[in-house]
Amino acid sequence: MLRHRFQPGRLVAGFFLTLAGVIYAGDAGGLWDTPWFVVIPVVVGGLCTAGAVGVCARAVHRRRGALRAANEGGPRADLSG
């Protein structure tokens with residue numbers, strides 16, 4: 001059983017930020033020459049993509065929760081907390 005919900009938006013954001021780090025590390029290591037402004041679109045595009053993925057994932061989680069509650073007959077009032 002998972003300890004927390006899977007959040008794909010954070011996975012996407014982490015991927016793009018890791019990619020930015022690899023770009024800078026390759027430049028610092030002398031493997032290639034990267035202008036400083038190349039990483040800006042990578043980071044901004046990655047954060048926008050992560051936001052879109054997060055919104056879609058949230059919508060899916062809400063829909064699945066509503067469907068699950070409808071299939072189970074809604075919240076049960078006879079259970080005490």
Side-chain angles (χ1 to χ4, degrees):
M1 183 168 178
L2 295 173
R3 294 180 182 239
H4 56 84
R5 283 191 346 202
F6 176 63
Q7 297 178 342
R10 290 186 180 191
L11 178 69
V12 171
F15 171 76
F16 278 98
L17 292 175
T18 302
L19 178 64
V22 167
I23 290 171
Y24 273 135
D27 184 31
L31 297 175
W32 54 76
D33 187 31
T34 306
W36 64 271
F37 56 84
V38 169
V39 176
I40 293 172
V42 171
V43 171
V44 172
L47 291 177
C48 289
T49 305
V53 169
V55 167
C56 291
R58 176 107 175 168
V60 169
H61 283 291
R62 281 188 177 178
R63 174 172 271 191
R64 282 190 180 173
L67 289 175
R68 197 173 292 153
N71 288 339
E72 294 175 356
R76 295 179 57 179
D78 60 342
L79 295 175
S80 59

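Results of the side chain to side chain contact (heavy atoms under 4.5 Å, CB included) test with Tyr24 over Val38, Val39, Leu19 single out Val39 as the only residue that passes.
Ala57 approaches Pro8 most closely through the heavy-atom pair CB-CG, 3.6 Å. Taking each heavy atom of Gly46 and Val12 in turn, the nearest pair found is O-CG1, 4.2 Å.
Counting only heavy atoms from C-beta outward, the side chains of Val42 and Phe16 approach each other to under 4.5 Å.
Leu47 and Val22 are assigned to two separate hydrophobic clusters, defined by single-linkage of ILVMFWY side chains at heavy-atom distances under 4.5 Å. In the hydrophobic clustering of this structure, Trp36 groups with Val44; members are Ile, Leu, Val, Met, Phe, Trp, Tyr whose side-chain heavy atoms approach within less than 4.5 Å, directly or through other members. Criterion: ILVMFWY side-chain heavy atoms under 4.5 Å apart, direct or through other members. Under it, Leu11 and Val53 are not part of a common hydrophobic cluster. Under the 4.5 Å side-chain heavy-atom criterion for ILVMFWY residues, no single connected hydrophobic cluster contains both Val60 and Val55.
Atom CH2 of Trp32 has more than 12 heavy atoms from other residues, nucleotides or ligands within 6.0 Å.
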